K.L.:
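Okay, here's the structure, questions in a sec.
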Amino acid sequence: MEETYSYLKKIIELTFSQNVWRIAKSINLIASENVMGPLALKVYVSDFMFRYAEGKPFKRYYQGTKLIDELEVLADSLIGKLLDTNLVDLRPVSGTIANASVFRVLAQPGDLAVIAPVQAGAHVSHTKFGTLGALSIKQVEMPYDEENMNVDIDKAVKLIEEVKPKFAVLGGSVYIFPHPVKEIADAVHSVGGYLHYDAAHVLGLIMGKRWHNPLKLGADVLTASTHKTFPGPQGGVIASVNEKLFKSISKTIFPWFVSNHHLHRIPATAITALEMIKFGEKYAEQIVKNAKKLAESLASLGFKVLGEKFGYTKSHQVLVDVRGQGGGAKAAKLLEDANIIVNKNLLPYDTPDKVKDPSGLRLGVQEVTRFGMKEDDMEEIANFMKIILMDKRDPSEVARKVSEFRQKFRTVHYCLREDDLKEINLSGVSTLLDFL
Ligand SMILES: *Cc1c(COP(=O)(O)O)cnc(C)c1O
């Protein structure tokens with residue numbers, strides 16, 4: 001075969017096989033992922049993916065931006081409606097870039113921030129190994145309360161009063177119970193600092209009113225990814241309730257951290273926001289029910305599930321200690337071989353050197369919920385996990401059963417669809433693929 005065609009074959013095969021494997025055959029329990037609905041996808045592939053629009057809507061440095069200007073203002077305002085603020089900026093292309101833009105405004109290199117401890121789920125971008133470190137902002141961790149699996153409020157307040165940080169960060173990547181926003185906000189405000197809440201994981205739960213809105217409890221600024229429990233395209237967002245602070249952050253995103261903001265995200269994010277306005281409460285309610293049910297089912301089958309004292313979870317996540325099943329690395333690989341995709345994870349009592357083979361698994365139910373799974377289906381998933389990890393059945397045998405089960409959940413729920421376009425006159429407009 002001519003070289004071009006052999007490469008082409010490879011590229012097409014790998015890409016299309018991914019679709020089949022991860023959407024049609026596997027149960028995806030990665031807690032930071034999700035899928036867009038069909039209409040969001042329809043607008044995602046558009047001419048906007050070829051364009052630039054540096055600057056803010058209606059104040060750009062480029063010509064040709066009048067349609068993205070209007071769309072971006074609309075998308076910002078729909079996100080704002082869901083968070084109850086009119087200060088929203090969707091230009092950060094990811095949650096990490098959103099964090100960088102905020103951190104850089106809240107503190108200068110050499111200044112001090114107080115962060116939630118890694119045990120309470122802090123993201124790498126909050127640490128010296130990630131974005132805060134890259135910005136030369138020093139950090140101290142709030143003390144952790146093992147019994148409550150959360151930030152130790154009293155000790156954290158004392159620490160903040162003592163070290164007087166420029167800002168504190170709450171929110172994280174591995175957490176099943178909400179962090180104490182109000183108490184930390186009061187403490188950091190009392191020393192003249194700000195509270196930054198990183199809602200990357202829980203944005204969809206906040207919008208669906210199943211997780212507290214930190215902006216209502218004293219957080220000055222919120223950042224998030226737009227593709228975790230909020231089921232939109234990969235991207236980032238910043239929202240605030242402090243106009244002055246928001247203005248400085250908005251001025252920092254471009255030109256410091258973003259030039260091109262991947263414009264095709266914007267209409268897809270706007271459609272996802274519409275879906276959250278229409279279906280968000282039902283979606284979030286089902287996520288939380290499913291997570292709890294998955295945790296309970298796993299526990300009843302003999303797994304060591306964290307957080308029992310408080311009902312296992314209040315988020316989309318379930319944390320399981322699988323040391324008894326060979327450890328996190330081995331368990332995650334066995335599950336993958338059976339088409340159940342999870343990630344191994346450090347648990348609060350793991351030391352950092354265990355990162356390659358931690359004690360736990362982190363499971364997230366937001367994507368399977370979006371595909372229509374309910375509580376009964378969580379029992380099935382728990383059972384598959386038992387067969388693989390406890391009964392030690394050959395994963396390749398179980399893989400086929402998992403795929404059969406997965407076939408029952410092929411459409412995305414809680415979303416707008418093609419039928420909804422019937423109401424709308426579409427003469428004079430076209431999809432990109434009609435042209436190319
Ligand atoms: C996922 C995550 C991020 C990073 O988001 P990206 O969009 O992947 O850059 C930041 N903070 C937290 C808490 C996260 O979980």
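Because only heavy atoms are used, hydrogens play no part in the values below, and waters and symmetry mates are left out as well, while side chains stay in. Just so it is clear, the structure is predicted and the values come from calculations on it, not from any experiment. Numbering of ligands and ligand atoms starts at 1, following listing order. Numbers here simply count residues along the sequence, with the first being 1.
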K.L.:
Tell me, please: is G172 in heavy-atom contact with ligand 1, that is, under 4.0 Å?
P.N.:
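Heavy atoms of G172 do come under 4.0 Å of ligand 1.
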
K.L.:
Relative to the heavy atoms of D198, which atoms of ligand 1 are at a distance of less than 4.0 Å?
P.N.:
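Near D198, meaning under 4.0 Å from one of its heavy atoms, ligand 1 has 10 (C), 11 (N), 12 (C), 13 (C).
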
K.L.:
Taking both backbone and side-chain atoms of S125, is any N or O found less than 3.5 Å from an N or O belonging to ligand 1?
P.N.:
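Among all N and O atoms of S125, none is under 3.5 Å from an N or O of ligand 1.
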
K.L.:
For T96, counting its heavy atoms only, list the atoms of ligand 1 lying under 4.0 Å from any of them.
P.N.:
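Every atom of ligand 1 under 4.0 Å from some heavy atom of T96: 4 (C), 5 (O), 6 (P), 9 (O).
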
K.L.:
Pairs of nitrogen or oxygen atoms closer than 3.5 Å, one from H126 and one from ligand 1: do any exist?
P.N.:
no

K.L.:
Check M373 against N290 and note the closest heavy-atom contact, atom names and distance.
P.N.:
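Smallest heavy-atom distance, with atoms named: O-ND2, 2.9 Å.
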
K.L.:
Would you mind telling me which of R51, R60, K59 makes a salt bridge (Lys or Arg N to Asp or Glu O under 4.0 Å) with E72?
P.N.:
R60

K.L.:
Considering non-hydrogen atoms of the protein only, which is the closest contact for atom 5 (O) of ligand 1, and what is the distance?
P.N.:
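Going by distance alone, atom 5 (O) of ligand 1 is nearest to S225 OG, 3.0 Å.
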
K.L.:
Suppose I only count heavy atoms of S173 and a 4.0 Å limit; which atoms of ligand 1 are within that range?
P.N.:
12 (C), 13 (C), 14 (C), 15 (O)

K.L.:
Which heavy atom in I341 sits nearest to a heavy atom in E336, and how many Å separate them?
P.N.:
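Residues I341 and E336, closest heavy atoms: CD1-CG, 4.0 Å.
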
K.L.:
Counting only heavy atoms, which portion of A200 has something under 4.0 Å from ligand 1: side chain, backbone, both, or neither?
P.N.:
side chain

K.L.:
Do the ring planes of H196 and F167 sit parallel (below 30°), tilted (30 to 60°) or perpendicular (above 60°)?
P.N.:
tilted

K.L.:
Does NZ or CZ of R406 fall inside the cone over F371's six-membered ring, less than 6.0 Å from its centre and within 45° of the axis?
P.N.:
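Yes, a cation-pi geometry.
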
K.L.:
Any idea which atoms of ligand 1 are less than 4.0 Å away from a heavy-atom of H201?
P.N.:
15 (O)

K.L.:
Counting from 1, what ligand 1 atoms have a heavy atom of H227 closer than 4.0 Å?
P.N.:
7 (O)

K.L.:
Can you see which heavy atom on F48 is nearest to which on I68, and at what distance?
P.N.:
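Heavy atoms only, the tightest pair is CE2-CB, 3.7 Å.
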
K.L.:
So is Q234 touching ligand 1 or not, going by heavy atoms under 4.0 Å?
P.N.:
no

K.L.:
For the pair K164 (side chain) and E161 (backbone), establish whether a donor and an acceptor sit closer than 3.5 Å, ignoring hydrogens and angles.
P.N.:
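A pair under 3.5 Å: yes.
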
K.L.:
If the test is side chain to side chain contact (heavy atoms under 4.5 Å, CB included), which one of L346, N343, N345, L347 qualifies with V174?
P.N.:
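Result for side chain to side chain contact (heavy atoms under 4.5 Å, CB included) with V174: N345.
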
K.L.:
Within the side chain of Q366, is there an N or O that forms a donor-acceptor pair under 3.5 Å with the backbone of E33?
P.N.:
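At least one qualifying donor-acceptor pair exists.
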
K.L.:
List the closest protein heavy-atom neighbour of atom 2 (C) of ligand 1: residue, atom name, distance to the nearest 0.1 Å.
P.N.:
K228 NZ, 2.4 Å

K.L.:
Kindly confirm or rule out an N or O of G95 lying under 3.5 angstrom from an N or O of ligand 1.
P.N.:
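G95 vs ligand 1: N/O contact under 3.5 Å present.
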
